[in-house]
Visitor: 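Attaching a single structure in structure tokens format; questions to follow.
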Amino acid sequence: MTTEQTPQQDDNQIIAERRAKLAALRQAGVAFPNDFERKHLAADLHSAYDAMSHDELEAAQVSVAVAGRMMLKRVMGKASFATVQDMSGRIQLFISNGDTGEEAHNTFKHYDLGDILGASGVLFKTKTGELSVRVTGLRLLTKALRPLPEKFHGLTDQEQKYRQRHVDLITNEETRKTFIIRSKVIQAIREFFMRHDYLEVETPMMHSIPGGASAKPFVTHHNALDMQMYLRIAPELYLKRLVVGGMEKVFEINRNFRNEGLSTRHNPEFTMIEFYEAYRDYKYLMDFTEKLFREVAHKVLGTTVISYQGREFDLGQPFHRLTVAQAIQKYHPQFSDAQLHDRDFLINELQDLKAKYRSGDGLGGLQLSLFEELTEHQLFEPTFIIDYPAEASPLARRSDTRPEITERFELFMVGREIANGFSELNDPEDQEARFDAQVAAKEAGDEEAMFKDSDYISALEYGLPPTAGEGIGIDRLVMLLTDSPSIRDVILFPQMRPE
RNA sequence: GGGUUGUUAGCUCAGCUGGUAGAGCAGCGGACUCUUAAUCCGUAGGUCGACAGUUCGAAUCUGUCACAACCCA
């Protein structure tokens, strides 16, 4: 903390002028005062007094003290209007020679858009009926050295909105609304799980063996232990250790990190909720998930009807449930049952489509690759895809009747994966065999194959009760509920390439 | 990784087939006591993303690079 002033060269004229104003403030006394007591928020005043008439307000003589950033300023000689914005909204100030004296009003005329003001006075209504503060005391609390974006258009350049989120938040109501909704979504989710007697927990973000998902991890190094560590790609294996430990209902809302590309659907760090409940299976989870989504939408938006990028669907309707093969056939009826169960046919088709697939995969894995290539992006309405092949689901319990598939689903909406859940694999010997298969795949060049986690197997050997678990991508859910086209629109500070 | 588009004043944007830079807002000065993106008069503000090339001459044409948005994989 220093008050020492270093002379600055500003090639920008506006900043230079504002810096000179700040220098004058320092000369006059405390330039950044913190003793103004803000007593009212703009929105509270509007909801309490908008309904009162001009005369009723005059009779009531309501004294208020508001503070905020000056967003608009209209000077008219001996009187001025200003609009200040606080966390709740905006309110208009009326400043005049008659109320504050000429000197204070003249001082106000040199305040700049973007400055933080504290104003005290009495509420009144203007000729046009707008609730305003007739200011008797006005203070400049924080001088803004940088000018705000154009007052009508605000900041529109997407890159600048992401890189300078603080400016975006100042000028763009939609941006503020998006992040308020994000906060409410997380709150509603938390309430839902609390009401179902879940325990909220935190598990490590730094893993010595990255596990719980198929993804490339970020690598870091711990100096004192002199060991390589990974930022977690998922909390799954730790949360299931907790179920072994007797925490039969747990959830965690936190960041995962995946060292993969950036896109409108992917940020290297993203927020997931993962939850586990003992003595449940994947069918229970699907019903539970539908209830969760309905409740969150209803609490946050007041409706279960979601409008996304010009199309609508209703979370209140039962979600569709299809197997991988059924989904392919629903959207691509040209494929016959026989073809979808013909390895050579599937491989030919995948090659024609130039789709990614693993040549060693069985029917299920090949079907899944075809599904991902052709069908996934068409699943606009909420759809659970079930019967995932075991080879693609190393942590999920096998079906008792068809061991080549697992008791697993993924939930898709607007063509995107939103959630992934399954009955957990609690057979330690099967788990070890599946890890070994993953290690073999990794050695064969699959960078996303899982590591073997012997400590986790040892935990399973103490006995994991029958359990169901699921992960839901919070960012993608918020995209849905805020009608945002890019994941960057729902992350306050999305990852950007350095300028 | 591929394609399309963009990058000009602090912000939002013009700038035609190449002739040396424009507006609005914001700023500064002035007028104005009920404005609402206030209005009116005056004024200042630019290495046109970077680097090469073509040309007598490049914001403009060509190439390379950087960053971004969107689409595709």
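Proteins come first, then strands; the chains are lettered A, B, ... in the order of their sequence lines, and each starts at number 1. Computed from a predicted structure; not experimentally measured.
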Visitor: Using whole Å, what does the distance between atom P of nucleotide B:U12 and atom CD of A:Q164 come to?
Guide: 10 Å

Visitor: Tell me whether the guanidinium CZ or amine NZ of A:R134 lies under 6.0 angstrom from the six-membered ring centre of A:F124 and within 45° of its axis.
Guide: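 Yes; both conditions hold, so A:R134 lies above the ring face of A:F124.
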
Visitor: Would you mind reading off the distance between A:R74 atom CZ and B:C25 atom C1', rounded to a whole angstrom?
Guide: 14 Å

Visitor: On a whole-Å scale, what distance lies between the C1' atoms belonging to B:G18 and B:A73?
Guide: 39 Å

Visitor: Can you see whether A:Q329 engages A:D337 through a side-chain donor-acceptor pair at a distance of less than 3.5 angstrom?
Guide: yes

Visitor: For A:G261, report the nucleic acid contact type (base, sugar-phosphate, nothing); a contact means any heavy atom under 4.0 Å.
Guide: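 The answer is nothing, as A:G261 stays clear of every strand by at least 4.0 Å.
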
Visitor: Ignoring hydrogens and geometry beyond distance, is a side-chain donor-acceptor pair present between A:E470 and A:Y282 at under 3.5 Å?
Guide: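 Their side chains do not contain a donor-acceptor pair, so the 3.5 Å distance test is not met.
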
Visitor: Tell me which residues in residues 117-127 of chain A put a heavy atom below 4.0 Å from RNA chain B, sorted by number, or none.
Guide: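 Those residues whose heavy atoms fall under 4.0 Å from RNA chain B, taken from residues 117-127 of chain A in numerical order, are A:F124, A:T126, A:K127.
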
Visitor: Got a sec, which residues hit salt bridge (charged side-chain N to carboxylate O under 4.0 Å, His left out) with A:R258, two or more places apart in sequence or on another chain?
Guide: none

Visitor: Between A:S47 (side chain) and A:D44 (backbone), is there a donor-acceptor pair under 3.5 Å?
Guide: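 Yes, the answer is positive, given that a donor and an acceptor are paired below the 3.5 Å cut-off.
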
Visitor: I need the residues from residues 49-71 of chain A with at least one non-hydrogen atom less than 4.0 Å from RNA chain B; give them sorted by number, or say none.
Guide: none

Visitor: Taking B:A31 as the reference, what is the distance to B:C16 when you measure between their C1' atoms (whole Å, please)?
Guide: 40 Å

Visitor: Identify all pairs in which a protein N or O lies below 3.5 Å from an N or O of nucleotides 1-5 of chain B, and state each distance.
Guide:
none

Visitor: Whether A:D157 and A:R163 form a salt bridge (side-chain N of Lys/Arg under 4.0 Å from carboxylate O of Asp/Glu) is what I want to check.
Guide: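 A:D157 and A:R163: not salt-bridged.
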
Visitor: For B:U5 versus B:G29, give the span between their P atoms, rounded off to a whole number of Å.
Guide: 45 Å

Visitor: Name all residues meeting the ring pair (Phe, Tyr, Trp, His ring centres under 6.0 Å) criterion together with A:Y331; count only those two or more places apart in sequence or in a different chain, and write none if there are none.
Guide: none

Visitor: Can you list, by residue number, the residues of residues 85-95 of chain A that have a non-hydrogen atom closer than 4.0 angstrom to RNA chain B?
Guide: A:Q92, A:F94

Visitor: Between A:Q164 (side chain only) and A:V167 (backbone N and O only), is there a donor and an acceptor less than 3.5 Å apart?
Guide: no

Visitor: Output the rounded distance in Å from NE2 (A:H153) to C1' (B:C13).
Guide: 8 Å

Visitor: What distance, rounded to whole Å, do you find between the two C1' atoms, one in B:G30 and one in B:A50?
Guide: 42 Å

Visitor: Assign a letter to each nucleotide of nucleotides 68-73 of chain B from its 5' end: B, base within under 4.0 Å of a protein heavy atom; S, sugar-phosphate only; -, no contact.
Guide: SSS--S

Visitor: Let's test your reading of the pairing rules: Watson-Crick or G-U wobble, both distances under 3.5 Å, then write RNA chain B as a dot-bracket string with ( ), [ ], | and dots.
Guide: (((((((..((((.....[..)))).(((((.......))))).....(((((..]....)))))))))))).

Visitor: Go through the structure and list residues passing ring pair (Phe, Tyr, Trp, His ring centres under 6.0 Å) with A:F319, not counting sequence neighbours.
Guide: A:F384

Visitor: With distance as the sole criterion, is a donor-acceptor pair present between the side chains of A:S214 and A:E448 under 3.5 Å?
Guide: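 Distance-only check fails for A:S214 and A:E448.
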
Visitor: Hydrogens and angles aside, do A:T136 and A:D99 bring a side-chain donor and acceptor to less than 3.5 Å of each other?
Guide: no

Visitor: Using whole Å, report how far CZ of A:R146 lies from P of B:C11.
Guide: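 A:R146 atom CZ is separated from B:C11 atom P by 10 Å.
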
Visitor: Using the closest heavy atom to pick a nucleotide of RNA chain B for each, name whichever of A:K78 or A:P149 lands nearer the 5' end.
Guide: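 That would be A:P149.
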
Visitor: Are the side chains of A:L363 and A:R343 in touch, meaning some heavy atoms are under 4.5 Å apart?
Guide: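 Answer yes - side chains close enough.
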
Visitor: Can you name the nearest heavy-atom pair linking A:V66 to A:L45, along with the distance?
Guide: CG1-CD1, 3.6 Å

Visitor: B:G22 and B:C65: how far apart are their C1' atoms, nearest whole angstrom?
Guide: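 The same atom, C1', in both gives a distance of 29 Å.
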
Visitor: Can you classify the ring geometry of A:Y111 versus A:F108 as parallel (below 30°), tilted (30 to 60°) or perpendicular (above 60°)?
Guide: perpendicular

Visitor: Does the pair A:R182/A:D475 count as a salt bridge with the N-to-O cut at 4.0 Å?
Guide: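 The answer is yes: the pair qualifies as a salt bridge.
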
Visitor: Before you tell me yes or no, could you show the steps for A:Y388 and A:F422 under ring pair (Phe, Tyr, Trp, His ring centres under 6.0 Å), namely the whole-Å CA-CA distance, both residues' side-chain angles and the distance that decides it to 0.1 Å?
Guide: CA-CA 10 Å; A:Y388 275 73; A:F422 38 86; 9.4 Å; no

Visitor: Using the ring pair (Phe, Tyr, Trp, His ring centres under 6.0 Å) criterion, which residues pair with A:Y162? Sequence neighbours excluded.
Guide: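 Partners of A:Y162 under the ring pair (Phe, Tyr, Trp, His ring centres under 6.0 Å) test: none.
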
Visitor: Which residues satisfy the ring pair (Phe, Tyr, Trp, His ring centres under 6.0 Å) test with A:F380, sequence neighbours excluded?
Guide: A:F313

Visitor: If the C1' atom of B:U39 is compared with that of B:C48, how far apart are they to the nearest Å?
Guide: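 Result for the C1' pair: 32 Å, nearest Å.
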
Visitor: Rounded to whole angstrom, note down the P distance from B:G3 over to B:G63.
Guide: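 13 Å, rounded to whole Å.
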
Visitor: Using a cut-off of 6.0 Å, state whether more than 12 heavy atoms not belonging to A:K125 lie near its atom NZ.
Guide: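 Yes.
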
Visitor: Would you say A:T128 places a side-chain N or O within less than 4.0 Å of OP1 or OP2 belonging to B:C34?
Guide: no

Visitor: More than 12 heavy atoms of other residues, nucleotides or ligands under 6.0 Å from CD of A:Q351: is that the case?
Guide: yes

Visitor: Pairing donors with acceptors under 3.5 angstrom, does anything connect the side chains of A:N256 and A:E269?
Guide: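 Side-chain D/A pair, A:N256 to A:E269: absent.
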
Visitor: Polar-atom pairs under 3.5 Å, protein N or O versus N or O of nucleotides 26-28 of chain B: list them with distances, or write none.
Guide:
from, atom 1, to, atom 2, distance (Å)
B:A26, OP1, A:K151, NZ, 2.5
B:G27, O2', A:E17, OE1, 2.1
B:C28, OP1, A:K21, NZ, 2.3

Visitor: Could you check how far CD of A:Q160 sits from C1' of B:G6, rounded to whole Å?
Guide: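 Atom CD in A:Q160 sits about 13 Å away from atom C1' in B:G6.
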
Visitor: Taking atom C1' in both B:A58 and B:G19, compute the distance separating them and give it to the nearest angstrom.
Guide: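 These two C1' atoms come out 10 Å apart once rounded.
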
Visitor: If you measure from the Lys or Arg side-chain nitrogens to the Asp or Glu carboxylate oxygens, is any gap between A:K161 and A:D489 under 4.0 Å?
Guide: no

Visitor: Roughly how many Å is it from CD in A:E130 to P in B:A38, rounded to a whole number?
Guide: 12 Å

